[in-house]
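Worth knowing before you read on, the calculation uses all heavy atoms, side chains too, and leaves out hydrogens, waters and symmetry mates. Everything numeric here is computed off the predicted structure, so don't read it as measured data.
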Amino acid sequence: KQYDKALIEYQKMLEIDQNSVDAYLRMGVLKGWLKATEEAIGFLEKARTMDPKRPEIYRIMGSVYLQGGQAEKAIEILKEGITLDSKNADLHFELGTVYDKLKQFDGVVKEMEETLRLDPKHANALNYLGYSYADRGIKLKEALSLIERALELRPEEGAYVDSLGWVYYRLGRLDEALEQLNKAVSLMPDDAVILEHLGEIYLKKGLRTEAREMWIRSLEADPHNQALTDRFRQE
């Protein structure tokens, strides 16, 4: 994560070879992580000009636009990539995440289902769709099945373990939910969402002190979570 040093090395690559698509691509990724959206897109556009049929470029551009708060542009570029390669599961997955940001749930389901049709072992799509159902309290049996399939592929992925705990919570299986959320926290101790979920389960079990402790940790990780701040004050 020494991004500045990484950028220097990729710049040296471009000085040696101005036609290095990979160098432009990595520069775009790094600038995106640094929230320099316009610079990132500039590098990615150069990569796209040089290799316009490479699906990865469209996926990364979509992600950078989304991170930069330009969801409509993300949709536009991802759909362009899908036009070039309609069977690319990752492009459909990325498009689904954009629809999620726009709160267009039908779009989320459509793109995640298409991702899984193309790649039934796409672990991120399995988890994303399963969690999306669980978080809305719908199709809980299907949600459980999807998340379990994701965990078969990546059993130590903290986000997936969190999803399993959350669907157990929605099903009223609180002891199992607590077990999974504690495991998720051990895997990802500073994740604000997981800590918030664990606090919610503690509260449901009547363990208010433990719930407050988890919510404090969650707010330390994400102090901009106004909904949790309000909830914390009420409880």
Min side-chain heavy-atom separation K205-D175 under 4.5 Å = yes
Rounded to the nearest 0.5 angstrom, the CG-NZ distance for L178 and K204 is 14.0 Å
For the residue pair Y133 and F105, categorise the inter-ring angle as parallel (less than 30°), tilted (30 to 60°) or perpendicular (more than 60°).
-> perpendicular
Could you pull out the closest heavy-atom pair between A74 and L66, with the gap in Å?
-> CB-N, 4.0 Å
So, D162 and K183, do they make that salt bridge, N to O below 4.0 Å?
-> no
Side chains of L203 and R231: does their closest heavy-atom pair fall under 4.5 Å?
-> yes
Mind checking the NZ-OG spacing from K139 to S132? Nearest 0.5 Å is all I need.
-> 11.5 Å
Apply side-chain contact (heavy atoms from CB on, under 4.5 Å) to K101 and T97, showing your working.
-> CA-CA 6 Å; K101 288 291 184 181; T97 67; over 6 Å; no
Shortest non-hydrogen contact from A143 toward G130 = CB-O, 3.3 Å
What is the minimum heavy-atom distance between A71 and V98, and which atoms define it?
-> O-CG1, 3.6 Å
When you look at N124 and Y160, which way does the side-chain contact (heavy atoms from CB on, under 4.5 Å) test go after all the steps?
-> CA-CA 9 Å; N124 280 336; Y160 300 178; 2.6 Å; yes
Side chains of R54 and L25: does their closest heavy-atom pair fall under 4.5 Å?
-> yes
side-chain contact (heavy atoms from CB on, under 4.5 Å) assessment of D85 paired with K87 | CA-CA 5 Å; D85 185 2; K87 295 183 179 180; 4.1 Å; yes
Taking every heavy atom of S63 against every heavy atom of E94, the minimum-distance pair comes out as CB-OE2, 3.6 Å
Charged N to carboxylate O under 4.0 angstrom, K73 versus E76?
-> no
When hydrophobic residues are tied together by side-chain contacts of less than 4.5 Å, even through go-betweens, does W166 share a cluster with L146?
-> no
Is there a path of hydrophobic side-chain contacts, each under 4.5 Å between heavy atoms of I, L, V, M, F, W or Y residues, that connects M61 with L30?
-> yes
Under a 4.0 Å N-O cut-off, is there an ion pair linking E152 with R149?
-> no
Would you check if the side chain of S218 reaches a backbone N or O of M214 as a donor-acceptor pair within less than 3.5 Å?
-> no
Please check if atom NZ in K110 has more than 12 non-hydrogen atoms from other residues, nucleotides or ligands closer than 6.0 Å.
-> no
Closest approach of D222 and A192, non-hydrogen atoms and distance?
-> CB-CB, 3.6 Å
Mind checking whether V29 and L78 sit in one hydrophobic cluster, side chains of I, L, V, M, F, W, Y counted as touching below 4.5 Å?
-> yes
Face-on cation placement of R208 at Y202 ring, 6.0 Å and 45° thresholds = no
Please round to the nearest 0.5 Å and tell me the distance separating atom CG of L198 and atom CG of N182.
-> 5.0 Å
Is there a side-chain hydrogen bond (donor to acceptor under 3.5 Å, both in side chains) between Q70 and E38 once you walk through the steps?
-> CA-CA 11 Å; Q70 300 181 56; E38 295 308 315; 3.3 Å; yes
Could you tell me whether Q226 atom CD has more than 12 heavy atoms of other residues or ligands within 6.0 Å of it?
-> yes
Counting N and O atoms only, with roles assigned by atom type, does the side chain of S163 sit under 3.5 Å from a partner on the main chain of A159, one being a donor and the other an acceptor?
-> yes
Taking 4.0 angstrom as the limit, do R217 and E220 come out as a salt bridge?
-> no
side-chain contact (heavy atoms from CB on, under 4.5 Å) between D135 and R170: does it pass, once the steps are laid out?
-> CA-CA 8 Å; D135 203 42; R170 293 296 196 190; 4.1 Å; yes
Value rounded to 0.5 Å, distance of CG in L140 from OG in S145 | 12.5 Å
To the nearest 0.5 angstrom, please state how far the CG atom of N88 sits from the CD atom of E114.
-> 11.0 Å
Would you sort out whether E56 and R48 count as a salt bridge (charged side-chain N to carboxylate O under 4.0 Å, His left out), showing the intermediate values?
-> CA-CA 10 Å; E56 182 185 10; R48 183 165 69 132; over 6 Å; no
Between Y169 and H197, is the ring centre distance below 6.0 Å?
-> no
Under 3.5 Å donor-acceptor, D119 side chain and T115 backbone = no
Atom CD1 in I41, atom NZ in K31: separation rounded to 0.5 Å?
-> 13.0 Å
Check against side-chain hydrogen bond (donor to acceptor under 3.5 Å, both in side chains), N225 and E196 | CA-CA 10 Å; N225 187 342; E196 181 178 355; 3.1 Å; yes
Salt-bridge present (R117, E111; N to O < 4.0 Å) = no
Nearest atoms (heavy-atom pairs only) where L118 meets H92 = CD1-CD2, 3.6 Å
Tell me, yes or no, whether the heavy-atom count around Q67 atom CD, taken from other residues, nucleotides or ligands under 6.0 Å, exceeds 12.
-> yes
Given side chains that start at C-beta, do those of E200 and W215 come closer than 4.5 Å, heavy atoms only?
-> yes
Tell me whether I216 is reachable from I201 by hopping between hydrophobic residues (I, L, V, M, F, W, Y) whose side-chain heavy atoms are closer than 4.5 Å.
-> no
For the pair T83 (side chain) and K79 (backbone), establish whether a donor and an acceptor sit closer than 3.5 Å, ignoring hydrogens and angles.
-> yes
L181, V167: one ILVMFWY side-chain cluster at the under-4.5 Å cut-off?
-> yes
Modelled atom types, side-chain donor and acceptor of Y58 and D90, under 3.5 Å | no
